[in-house]
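Presented below is the structure to which this report refers.
FYI, the numbering just counts along the sequence from 1. Since this is a predicted model, take the numbers as computed values, not measurements.
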Amino acid sequence: MSEAGLPRTEEDAATALARLAEMLADHDRRYHEQDSPTVSDAEYDALKRRNAAIEAAFPSLIRPDSPSLRVGATPASGFGKIRHALPMLSLDNAFGPDDFADFEARARRFLGASAPSLHFVGEPKIDGLSISLTYIKGRLHHAATRGDGSEGEDVTANIRTIASIPRRLAAPFPDSIEIRGEVFITKADFLALNAAQQARSEKIFANPRNAAAGSLRQLDTAITASRPLRLFAYAMGEASAKIADTHWAYLERLKAWGFDVNPLSTRLDGAEQAAAFQERLALERAGLEYDIDGVVYKIDALDLQARLGFVGRAPRWAIAWKFPAERATTVLEDILIQVGRTGALTPVAALTAVGVGGVLVTRATLHNEDEIARKDIRVGDTVVLQRAGDVIPQIVSVVAERRPATATPFVPPTHCPVCGSLAVRPAGEVVRRCSGGLICPAQAEEHLIHLASRGAFDIEGLGEKTVREFFADGLIREPADIFKLADHKDAIAAREGWGKLSADRLIEGIEARRHIPLERFIFGLGIRRIGEANARLLARHYGSFDNWRTQMRAAAMIGSEARSDLGSILRIGPAIATELAGFFAEPRNVASLDALAEGLTIAPAEDVETVASALSGKSVVFTGTLATLSRPEAKALAERLGAKVVDSVSKKTDLVVVGADAGSKARKAAELGISIATEAEFRVMAGIPGDGTPAP
Ligand code: IVH
């Protein structure tokens, strides 16, 4: 994936970005909310890098909700929410000395001629769970997880059970101060916890990070109290008074207040010392009590940190230099085929069990058939596995000398292994898919899991495991069946492990979702390429369920006006339009959707907060390079003024805002006699001061 070339056209780039946004949002959710990621950190990083590379090549396509501007995922339900006084952000990664040099050069460039020599503090990077602790008048007042970076979960009660976190700061202290750090669990405690969990037939944690997160986010604090959680403090949030001049001095204050600060933290005089520290820790790593996946380097002077500030989701004054991934060799016993919600047939490696970095591995992702062919991976091969602080490891290469004569190249399946429908791989795509649609039990089942899941209908009590069991027993076969489960309440109560109380709760959870916002309904349908962001776009564009349904039915016809309207919604684009049209062209899908909708009240999309303006209700197109506004900024402004921003110029367009180098769209607007505004004129309409000349 990371080696794929950049898209050539803007259209392909938009499609690729939409897809990446969806995948990343999904991985974020799995990682941050469900504590069970399905891709390795390395794969995740590769997706992020690809997103950044495409955005760098097509800056006009940067979405306001771009994954590069976001950290984490929305907070899970069950806990109260706490809004962070200052957002909790993430760190950019470095993978070698060159990346570190780039980081330093960027900081110097930003500071300009006045840049003094830079000193750093290096701190081991523990992959745990970042936490924000607010002390008022020296007492622990509240504690929150990172959540989506702006809002986290209130875990105050849980945090109070951790012995090494002071309830009161040792004096002197400022009136209010927020302290940030990492909650983690040691390697030995992790193994012991998993052994105990196994003995009780309870959830096994994939790694120490998940164990720490799972232990902290317990509604029952007695469980948290029973888990050996620890904390290293390492950063500052908001404070009512100045604490220190340097990060190093701040760490000293943290210790004086009673916090554990990682004893390996070290002051470093420049890049050379940083590289030496990196090497030292790479050697010491295996002997440490806890897992680390790299070192965080922070510019020591706090006034420089303040000047450097943040870009996107990460500070300019810090970087995480990651260690190379851990590797091992083993034998590929078989290649299995997994069927996903949209019919994607994904090859998975079945391996002879082997330990990599302390975790026993029997499965690895093989991505897709092109990857298998590119690496020439064959059943029977000895393969090199890589795991980078993660869950699903990947196969890096084959040990050619150890290939047995019997090893045969992988033959992609011609039929779906679950329903037997034809497996097809459309030209230009890497994924082969089952063509069975909803008649494929595997796809139907994955659809139901998706529908009940968090970003979609978010049905309490109807998690993946329950959906699979109900599906297997025929209690639910299609979406509408979920809302008929009340008819089977007694049967559910009689199921093993259930009882009346759980059955009642489940039905309550389902009833609570009969009233559903349009965007969640659309997302819940699980249509390929329609992730949360696109579902929101559609809901806002079409307003009501009835209108959306009517327009989609009409859009199923190639060449219809509804189809071109759909394709002109900014960021929807032709690939996504085709996918939606395909969904609505299939009568079984429409029947299933109607059956579901019948039992529901679908709330129209909430409008973006708008102000009455000359642009209210107008359809606006931006074209060319704007000098003073980024595209996302211009778009957000127009939307706030009540305009609908679309991608292409048509008879229905009301206004075209032209920047430098505007081409065919400006010409078309002139031909059609549509109003044209310059950027400066647009600024006037939007009520932003300034004459529109670029800021120095
Ligand atoms: S500083 C704005 N320091 O790494 C800077 N983070 O990839 C905020 N982490 O979310 C983080 N050790 O969970 C910082 N010594 C350290 C850290 C550390 C681990 C984690 C933290 C953060 C993530 C970023």
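- Counting heavy-atom neighbours within 6.0 Å of R553 CZ, excluding the residue itself, gives a total of 12 or less.
- Side-chain contact between L655 and I676: absent, with no pair of heavy atoms (C-beta onward) separated by less than 4.5 Å.
- At a threshold of 4.0 Å, the pair E639-K635 counts as salt-bridged, since one of the basic side-chain nitrogens sits closer than that to a carboxylate oxygen.
- Between K375 and E371 there is a salt bridge, since at least one side-chain N of the basic residue sits less than 4.0 Å from a carboxylate O of the acidic one.
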### Task
Start with the C-alpha distance between K644 and R540, add both sets of side-chain angles, then the distance that settles side-chain contact (heavy atoms from CB on, under 4.5 Å), and finish with yes or no.
CA-CA 9 Å; K644 196 151 77 176; R540 290 203 176 141; over 6 Å; no
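- E369 contributes no side-chain N or O that, together with a main-chain N or O of P412, makes up a donor-acceptor pair within less than 3.5 Å.
- Under a cut-off of 6.0 angstrom, the local environment of CD in E11 is sparse, with at most 12 non-hydrogen atoms contributed by other residues, nucleotides or ligands.
- When side chains are defined from C-beta on, S421 does not count as touching H415, because their heavy atoms never get closer than 4.5 Å.
- Of the residues E446, Q443, R433, the one that meets the side chain to side chain donor-acceptor pair (under 3.5 Å) test with T342 is R433.
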### Query
E671 and K651: salt bridge (charged side-chain N to carboxylate O under 4.0 Å, His left out), yes or no, with the steps?
CA-CA 10 Å; E671 272 164 36; K651 289 192 302 264; over 6 Å; no
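- Within the 4.5 Å cutoff, the side chain of R563 has no heavy atoms near those of the M557 side chain.
- Side-chain contact between V418 and C434: absent, with no pair of heavy atoms (C-beta onward) separated by less than 4.5 Å.
- The neighbour count for E429 CD, taken as heavy atoms of other residues, nucleotides or ligands under 6.0 Å away, is above 12.
- With a 4.5 Å cut-off on side-chain heavy atoms, V590 and D594 count as touching.
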### Task
Show your reasoning for whether side-chain contact (heavy atoms from CB on, under 4.5 Å) applies to Q551 and L566.
CA-CA 8 Å; Q551 294 301 321; L566 173 61; over 6 Å; no
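- Considering only heavy atoms from C-beta on, R374 stays 4.5 Å or farther from H367 through its side chain.
- Side-chain contact between I459 and I482 is present, with heavy atoms from C-beta onward closer than 4.5 Å.
- A donor-acceptor pair under 3.5 Å is formed between the side chain of D148 and the backbone N or O of S150.
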### Task
Tell me, with the steps shown, if L438 and N589 meet side-chain contact (heavy atoms from CB on, under 4.5 Å).
CA-CA 8 Å; L438 291 180; N589 289 338; 3.5 Å; yes
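- Annotation: side chain of V339 is in contact with side chain of C416 (closest heavy-atom distance under 4.5 Å).
- Nearest heavy atoms, I576 versus A18: CD1-CB, 4.0 Å.
- For R341, the CZ atom counts as densely surrounded, since its 6.0 Å shell holds more than 12 non-hydrogen atoms of other residues, nucleotides or ligands.
- Between R514 and E508 there is no salt bridge, since no side-chain nitrogen of the basic residue lies less than 4.0 Å from a carboxylate oxygen of the acidic one.
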Using atom types as modelled, flag every donor-acceptor pair under 3.5 Å from a side chain in residues 517-527 to any protein atom, sequence neighbours excluded.
| from | atom 1 | to | atom 2 | distance (Å) |
| --- | --- | --- | --- | --- |
| R520 | NH1 | R454 | O | 3.3 |
| R520 | NH1 | A456 | O | 2.8 |

### Task
Given side-chain contact (heavy atoms from CB on, under 4.5 Å), test L422 with T414 step by step and report yes or no.
CA-CA 6 Å; L422 211 58; T414 53; 5.7 Å; no
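- Partners of E464 by side chain to side chain donor-acceptor pair (under 3.5 Å), not counting sequence neighbours, listed by chain and number: R468.
- A salt bridge does not link E151 with R146: every distance from a Lys NZ or Arg NE/NH1/NH2 to an Asp or Glu carboxylate oxygen is 4.0 Å or more.
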### Task
Go through E511 and K484 one step at a time and tell me if the salt bridge (charged side-chain N to carboxylate O under 4.0 Å, His left out) criterion holds.
CA-CA 10 Å; E511 292 307 316; K484 293 181 200 141; over 6 Å; no
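- Checking side-chain atoms of D481 against main-chain N and O of E478 turns up a donor-acceptor pair under 3.5 Å.
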Below 3.5 Å, can you tabulate the donor-acceptor pairs from side chains in residues 661-670 to any protein atom, sequence neighbours excluded?
| from | atom 1 | to | atom 2 | distance (Å) |
| --- | --- | --- | --- | --- |
| K665 | NZ | D647 | O | 2.9 |
| K668 | NZ | V649 | O | 3.0 |

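- The number of heavy atoms from other shown groups lying within 6.0 Å of CD (E561) does not exceed 12.
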